Structures are given as C-alpha cells and as structure tokens.
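Here the structure comes first, spelled out in structure tokens, and everything after it is commentary.
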Amino acid sequence: MFSHLSKSVRQYMLVTFNYWNFTITDGALRMLVVLYFHDLGYSTLEIASLFLFYEFFGVVTNLIGGWLGARLGLNKTMNLGLAMQIIALVMLAVPHVWLTIPWVMAAQALSGIAKDLNKMSAKSSIKTLVPDEQQGALYKWIAILTGSKNALKGAGFFVGGLLLSLVGFKSAVLLMAALLTLVFIGSVLGLESNMGKAKDKPKFKQIFSKSSSINILSAARMFLFGARDVWFVVALPVYLGSVFGWDHLWVGGFLATWVIAYGFVQGIAPKITGKAQGKVPDGSAALWWAGLLALITAAIAYAVQIGWQPELVIVVGLMIFGAVFAVNSSLHSYLIVSYAKGDGVSLDVGFYYMANAMGRLIGTILSGWIFQIAGLAACLWVSFAFLAITTLISIRLPKITQTAKA
C-alpha cells in the first residue's frame, strides 16, 4: 500500500507510528498510576515520589542515549525504548501487595528511560531523513511529530482512566504491553539498521556538546520546561481539587484537554511563526516568543495573587499560556535539530533533551515544595522568573533567518 512512497517517507511514517503508540501508553500509564495508587490509599507525596525516578532517569538517558544512538544506530535505541516500556508495564501487572513504592519507582525508572530513548530516536531520525537544504520541510515534520506526541499523550490520559474503569489496573497494563509488543516486532523488521549511526564512533566524552548554539538553546530549554512543570505537575491538579472543589474527572479532563490543545498548536506552529511567508525561525523568534510567554505568566500570577476571578483567570489564562508555550516548544524542537550536525545527530539532540529533562525534574520538585509552603501564585511567580531567564539566555541564540524549502 505504501510502495509508491519514497524510502525516507516510509521510514518517517514508521518512526512516527512507533512514537505515537509509545506516547499513548506513556500518558495512559501516568494516569493509571496516579488514580490507582490514590485508590490504594497512597498519599499525594508518595504518589509524587513515584515519578521522581521517571524524571531523574530522563536526565541520565538523554545524556547517554544520544551517544548510544550515534554508536549503535537510532533503530536500536528506538527498539530498546519500546522493549523497556514493555518490561515496565509487565512489572506493574503483579498482585497489588507487591506494588510497593520501591518496586513501582523501579518500573517508573525503566519507563522514564524508555520514553526518552524513544523520543530522542524519533526526533534525531528526522534529521537523517530530510536534506539539510530543506529547512522548511524539517520544521514542518518536527512540528507534526512534536504536536501529535503531546495531543496523543493527552488522549492517553483519557485512555488510562477509561481502561482503569473498564478492565482494572492489571488488565490495562497487560493490554498496553501486548500492543507495544506488536509495535516492537514491526519496528525491528521495518527500521533501517544504519539510521542515525555516526560514520566515526564517538567517544563517551563527546556526550557534552561543543556547539555554543546548542549549549545556549539547551540552557533556555531547561528553564522553559522548569517554568511549565513548576505549576503544572503537582500544584495545579491539587489546587483545582482543593480550592475549586473539582472532582477527579473534571481535573483529569481539564489537564487532558490542555495537553491535547497544546499538541495541536505545536503541530501548526510553522504557520504561526511565518513559514507561509517563506521563512523558517531563528534565534530572534525564540527570544520574542519566550518574552511574550513571560509577560503572560506574570499577568496570570498577579491576578491569582490578588484573587481577581481566580477560576476564570486560571482556566482561560493557562489555556493561553499553553498555546504560547506550545509555539515556544515547537520552535526549540526545530532549532535543536537544525543546529545539530548531521553525522551523529543524536549526540546533540540527546544533550539538549537532557537539559529538557533536568528542567522537568527541577519543576516537579519545586511544584510540590513551593505549593505546599506558599501556594499556586508563588509557583506562577517562579514560573515567570524561569521564563525571564529563558528570555535573557535566548538573546545569545543565532539570529540568521533561513529561507524555507519544502
């Protein structure tokens, strides 16, 4: 059926298919863990601790995963990620008396490693499939992959809650493991064996990028994602339930809608940022959009602090935040792949997503701690401070606008 398509397009479709299926199970697993362990009587702090290894090992994986991808090939790192997610799901399909915090943290650690191996492999592989002179096509493909990932992760939240209601926790994780096993088999058979493998085997010390552009972008990315997760991961769900009195269905539905809308905006980011006028973004675009997001966050934080229409401000304000954040994220995702060198691209992409994971880890920890001692407004002011730092860092990004070629 796909024989008329070029080899690069077929490989892109397979990579995207792998990434989509993985992403749905990743979102569903997060919701399953939160809801199921809440039902078992775990405290919110204990539930939050289950995700710390997930985020921590994302930092480690992105740092080492890029090196592995360059040495072994992106097909192997993508397939390894799928296999590890299958193992993590099976680990959770044990009797509930075995589901101790250390056991679940270990499963979540595997899942975190799997997620970042899969993401790094998917995004790096696109660089190998698109010629360097076709920057417009590269931006478009990256935006579609990134946007669809977040939309499907939001859909995964719904899938997790639905499976828990219909078949229970154990059957839900086993069903997802079975699905990923089929995806894994297709991936092993279909992906090219040399995709993304560097011509010269990189040494381990090369995991740290020597490119100033990538180092600057990575620092900006770390504060950008720290700014999101400092209010989104723990503070917002707890605030919606405890202050507004929303039940779990409303809280989960709002978060899922937010993530799906966020993913949709990421997918159309090239249209928003000017590709239709024949240009692809450079560092000046990243600077402008980071500054806009900082101003929006400051306005939301101030309104929440003075108690002006808090429910309206949070629901509408954070949807606006999500849309502008999505453009920022899509711009960054394009710029890292554009800046990365073609040979051994996964080294640069892995280092960059290590910074992304570090920002998520910092944001996750601060979200619970700052909300506990000072409330949601304080979390939003910290978010503003992080975005102000992102804006300042972005001043140093290269400002050379390229012409888009489809």
Side-chain angles (χ1 to χ4, degrees), residues 26 30 33-34 44-66 105 108-109 111-113 115-116 119-120 150 153 207-209 214-239 255 258-259 262 286 290 293-294 296-298 300-301 318 321-322 324-326 328-329 331-333 336 349-394 396:
D26 186 53
R30 177 172 286 261
V33 168
V34 171
T44 53
L45 182 59
E46 288 172 328
I47 293 172
S49 71
L50 299 177
F51 294 102
L52 288 182
F53 273 10
Y54 177 92
E55 302 293 355
F56 172 76
F57 280 98
V59 176
V60 177
T61 304
N62 279 299
L63 196 58
I64 298 175
M105 288 181 75
Q108 287 291 90
S111 182
I113 295 169
K115 184 262 293 183
D116 282 295
K119 180 172 70 174
M120 179 277 300
N150 286 295
K153 187 163 187 175
I207 60 176
F208 296 101
S209 179
I214 289 171
N215 290 334
I216 293 166
L217 186 64
S218 297
R221 182 78 170 195
M222 182 178 74
F223 284 102
L224 178 68
F225 271 75
R228 183 196 67 177
D229 285 4
V230 73
W231 60 263
F232 185 75
V233 174
V234 176
L236 181 63
V238 173
Y239 186 88
L255 296 181
W258 192 92
V259 174
Y262 164 78
L293 186 59
I296 290 169
T297 306
I300 298 169
L318 293 182
F321 176 101
V324 179
F325 183 90
N328 275 273
S329 178
L331 280 171
H332 279 213
S333 294
I336 179 56
V349 175
F351 177 79
Y352 167 79
Y353 279 107
M354 177 274 293
N356 181 99
M358 181 65 77
R360 289 173 56 102
L361 177 61
I362 293 169
T364 298
I365 294 170
L366 290 179
S367 185
W369 179 58
I370 293 174
F371 181 77
Q372 184 173 325
I373 63 173
L376 183 64
C379 292
L380 287 163
W381 281 119
V382 173
S383 177
F384 163 72
F386 278 14
L387 289 168
I389 295 171
T390 300
T391 305
L392 291 173
I393 292 171
S394 300
R396 296 188 58 201

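This structure is a prediction, so every number in the text was calculated from the model and none was measured.
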Problem set entry | Atom of A294, atom of F384 and distance for their closest heavy-atom approach | O-CD1, 3.2 Å
Exercise. Should L293 and L224 count as side-chain neighbours, where that means a heavy-atom distance under 4.5 Å?
Worked result: yes
For this session: State, with a plain yes or no, whether a side-chain heavy atom of L236 is found less than 4.5 Å away from one of W258.
Result: no
Exercise. What residue pairs, at least two apart or across chains, pass salt bridge (Lys or Arg N to Asp or Glu O under 4.0 Å) with a residue in residues 375-388?
Worked result: none
Problem set entry | Nearest non-hydrogen partners of A355 and S218, listed with the distance | CB-O, 3.2 Å
Exercise. Is atom CE of M358 surrounded by more than 12 heavy atoms (other residues, nucleotides or ligands) closer than 6.0 Å?
Worked result: no
Exercise. So which heavy atom on L376 is nearest to which on A235, and how close?
Worked result: CD1-CB, 4.0 Å
Exercise. If you look at every heavy atom in Y54 and K115, which pair is closest and at what distance?
Worked result: OH-CE, 3.2 Å
Problem set entry | Rounded distance (nearest 0.5 Å) linking atom CZ of R228 with atom OG1 of T297 | 13.0 Å
For this session: Taking T391 for its side chain and L387 for its backbone only, find out whether a donor-acceptor pair lies under 3.5 Å.
Result: yes
Exercise. What's the spacing between L361 CG and L52 CG if we round to 0.5 Å?
Worked result: 7.0 Å
For this session: Give the ring-plane orientation class for F53 versus F57, where under 30° counts as parallel, over 60° as perpendicular and anything between as tilted.
Result: perpendicular
Exercise. Taking only residues two or more places apart in sequence, or in another chain, which ones meet S111 in a side-chain hydrogen bond (donor to acceptor under 3.5 Å, both in side chains)?
Worked result: Q85
Problem set entry | ring-ring contact (aromatic ring centres under 6.0 Å, His included) involving F321 - partner list, sequence neighbours excluded | W231, F325
Problem set entry | For F225 against S329, the heavy-atom pair lying closest together | CZ-OG, 3.7 Å
For this session: Mind jotting down which residue pairs meet the side-chain hydrogen bond (donor to acceptor under 3.5 Å, both in side chains) criterion with at least one end in residues 358-370? Sequence neighbours excluded, please.
Result: E55-R360
Exercise. Do you know which two heavy atoms are closest between A286 and N328, and how far apart they sit?
Worked result: O-OD1, 4.1 Å
For this session: Take atom CZ of F371 as the centre, draw a 6.0 Å sphere, and report whether it contains more than 12 heavy atoms from other residues, nucleotides or ligands.
Result: yes
For this session: Could you pull out all residues at least two apart from W381 that satisfy side-chain hydrogen bond (donor to acceptor under 3.5 Å, both in side chains)?
Result: Q305
Problem set entry | Contacts of type salt bridge (charged side-chain N to carboxylate O under 4.0 Å, His left out), residue D229, not counting sequence neighbours | none
